[in-house]
Amino acid sequence: MNDHAYPSRLLRRYEHDPRIFADDARWLYFVLTFIVTIFYWNRQVFIPFRLDALWSLGVWLLYLPIRTVIRSTCRTPKWLVYVDALIMIINMYWWKWLPVSVPLLSVIITWEAVWSLPFMQALVVSGGLGLGYIITTFIAPIIPQEGPSSLFIAPFYPLVTILSYFLRRQMGLYESLAGTDYLTGLFNRRQLLQTYRQHESSRWWVVLLDLDNFKQINDRFGHLMGDMVLRDLGRLIRQLFRAGEITARYGGEEFLILLPAELDRSVIAERLLRLNERLKDLSLRYPTPITLSGGIALSREDNEPLSDIIARADQALYQAKSQGKDQTVWAKDIVASPPA
């Protein structure tokens with residue numbers, strides 16, 4: 001078994017939102033600061049800095065729980081990153097007894113700014129952190145030589161921002177390629193399932209579509225013709241369905257569309273009618289008619305597994321195929337219930 005296919009729990013925690021790494025880094029740093037404070041508390045060298053340590057620990061002990069609640073409910077509001085940077089700059093003066101750790105945690109804040117803010121705003125945050133580091137180390141350096149050395153450290157904050165920004169863009173590109181079907185431009189099955197897990201608490205309509213007689217198209221006119229049909233159908237689906245409506249190539253000649261449960265049946269029927277009309281116009285370009293059969297199901301409750309909804313839609317699709325194809329059938333439980 002390939003171990004790389006099953007990342008550790010720690011990696012799975014960060015893979016969907018790298019900003020969680022910055023959250024954990026703050027708590028880890030707080031714990032380490034607390035341990036250092038206790039360790040040096042009774043040592044003579046630490047006496048002048050006890051008050052600074054207590055102020056720093058007190059501020060983070062008050063701020064971190066509030067910040068954690070905000071992050072868990074609102075992801076990362078833009079203003080929260082600016083508050084992070086401001087508190088970090090204030091703490092730079094108190095943390096003069098841990099000079100190496102200050103730029104390290106500041107880089108973590110810079111990393112989160114890159115993932116949460118537009119590029120220029122992230123650059124402003126990193127520049128402010130660098131400037132704050134220079135000012136605080138010159139005001140009260142723990143070591144006389146530390147003040148001048150900060151001039152060499154501070155410019156690296158914007159450089160880290162630029163590097164992280166390009167890294168984020170590359171990661172976004174690779175993630176998009178990994179989650180997109182190369183032929184149709186729609187989500188592939190992997191991205192479909194991942195997106196559904198992110199919205200699993202909502203109810204959805206599942207529309208399962210299947211190209212009629214697609215095997216005969218491939219056999220009679222070649223796979224190149226089949227690829228052209230799939231590409232054109234994917235383009236039509238992208239044009240007719242909007243943001244917030246999830247469209248995917250489910251596999252082979254099957255397409256799956258997730259629509260919010262709040263949509264009325266008549267809206268869905270009208271949208272599929274427009275798709276069929278466009279498909280008739282598209283058929284004029286090919287030597288054989290291009291038609292679709294479909295099955296539609298509705299999730300019965302929140303958090304229902306997508307596979308269960310697809311199974312009901314697939315039964316309706318099978319019924320549409322058995323009744324002569326080129327039609328859409330609603331699942332039995334939808335037909336039995338009154339229209340919304």
Side-chain angles (χ1 to χ4, degrees), residues 13-34 52-96 98-99 101-139 150 153-173 175-176 195 197-199 201-202 243-244:
R13 174 176 170 79
Y14 300 138
E15 63 182 358
H16 296 306
D17 189 354
R19 287 168 290 192
I20 298 177
F21 176 77
D23 299 340
D24 291 350
R26 287 181 178 84
W27 281 104
L28 175 61
Y29 188 81
F30 170 78
V31 171
L32 293 177
T33 305
F34 180 78
D52 291 337
L54 290 177
W55 273 111
S56 176
L57 289 173
V59 167
W60 283 104
L61 186 61
L62 178 65
Y63 177 61
L64 283 180
I66 298 175
R67 187 189 183 284
T68 301
V69 172
I70 295 173
R71 273 280 289 124
S72 62
T73 55
C74 307
R75 293 180 64 85
T76 306
K78 292 182 178 181
W79 59 266
L80 187 61
V81 182
Y82 288 102
V83 174
D84 284 339
L86 178 61
I87 290 183
M88 184 69 234
I89 292 173
I90 294 173
N91 273 268
M92 285 177 180
Y93 176 81
W94 292 330
W95 288 353
K96 54 185 177 289
L98 288 175
S101 62
V102 172
L104 291 179
L105 190 57
S106 298
V107 167
I108 296 297
I109 295 178
T110 300
W111 168 261
E112 186 169 39
V114 168
W115 283 89
S116 305
L117 300 175
F119 173 68
M120 290 307 298
Q121 294 183 31
L123 206 57
V124 169
V125 169
S126 62
L129 287 168
L131 182 61
Y133 184 66
I134 292 175
I135 293 174
T136 54
T137 51
F138 267 99
I139 290 176
S150 66
I153 297 175
F156 280 90
Y157 289 114
L159 293 179
V160 169
T161 299
I162 296 172
L163 179 63
S164 301
Y165 175 74
F166 284 114
L167 177 61
R168 176 191 174 186
R169 289 196 61 178
Q170 286 298 110
M171 290 174 64
L173 174 62
E175 184 176 353
S176 176
T195 305
R197 282 195 296 268
Q198 295 171 355
H199 302 85
S201 59
S202 304

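Given the structure is predicted, the values throughout are model-derived calculations rather than measurements.
- A donor-acceptor pair under 3.5 Å is absent between the side-chain atoms of Ser116 and the main chain of Ala113, judged by distance alone.
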Show me the donor-acceptor pairs within less than 3.5 Å that the side chains of residues 118-131 make with the rest of the protein, sequence neighbours left out.
{"unit_1": "Gln121", "atom_1": "OE1", "unit_2": "Tyr82", "atom_2": "OH", "d": "3.1"}
{"unit_1": "Ser126", "atom_1": "OG", "unit_2": "Ala122", "atom_2": "O", "d": "3.3"}
{"unit_1": "Ser126", "atom_1": "OG", "unit_2": "Leu123", "atom_2": "O", "d": "2.9"}
{"unit_1": "Ser126", "atom_1": "OG", "unit_2": "Thr161", "atom_2": "OG1", "d": "2.9"}

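- Closest approach of Gly132 to Ile89, counting heavy atoms only: CA-CG2, 4.1 Å.
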Give the C-alpha distance, both sets of side-chain angles, the deciding distance and a yes or no for side-chain contact (heavy atoms from CB on, under 4.5 Å) between Val59 and Ile87. CA-CA 8 Å; Val59 167; Ile87 290 183; 4.1 Å; yes
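- A distance of 7.5 Å separates CG of Leu64 from CZ of Arg26, quoted to the nearest 0.5 Å.
- Crowding of Phe34 atom CZ: a count of heavy atoms from other residues, nucleotides or ligands under 6.0 Å not exceeding 12.
- The CH2 atom of Trp79 sits 12.5 Å away from atom CG of Leu86, with the distance rounded to the nearest 0.5 Å.
- Screening residues 54-63 for salt bridge (charged side-chain N to carboxylate O under 4.0 Å, His left out) gives no qualifying pairs among residues at least two apart or on separate chains.
- Within the model, atoms CG of Leu61 and CD1 of Ile66 stand 10.0 Å from one another, a figure rounded to the nearest 0.5 Å.
- Among all heavy-atom pairs drawn from Asp84 and Glu112, the shortest one is OD2-OE1, 3.6 Å.
- The distance from atom CG of Asp24 to atom CG of Leu28, rounded to the nearest 0.5 Å, is 8.5 Å.
- The only member of Ile109, Val83, Thr110 that meets side-chain contact (heavy atoms from CB on, under 4.5 Å) when paired with Met88 is Ile109.
- Across all non-hydrogen atoms, the minimal contact from Trp60 to Pro65 is O-CD, 4.0 Å.
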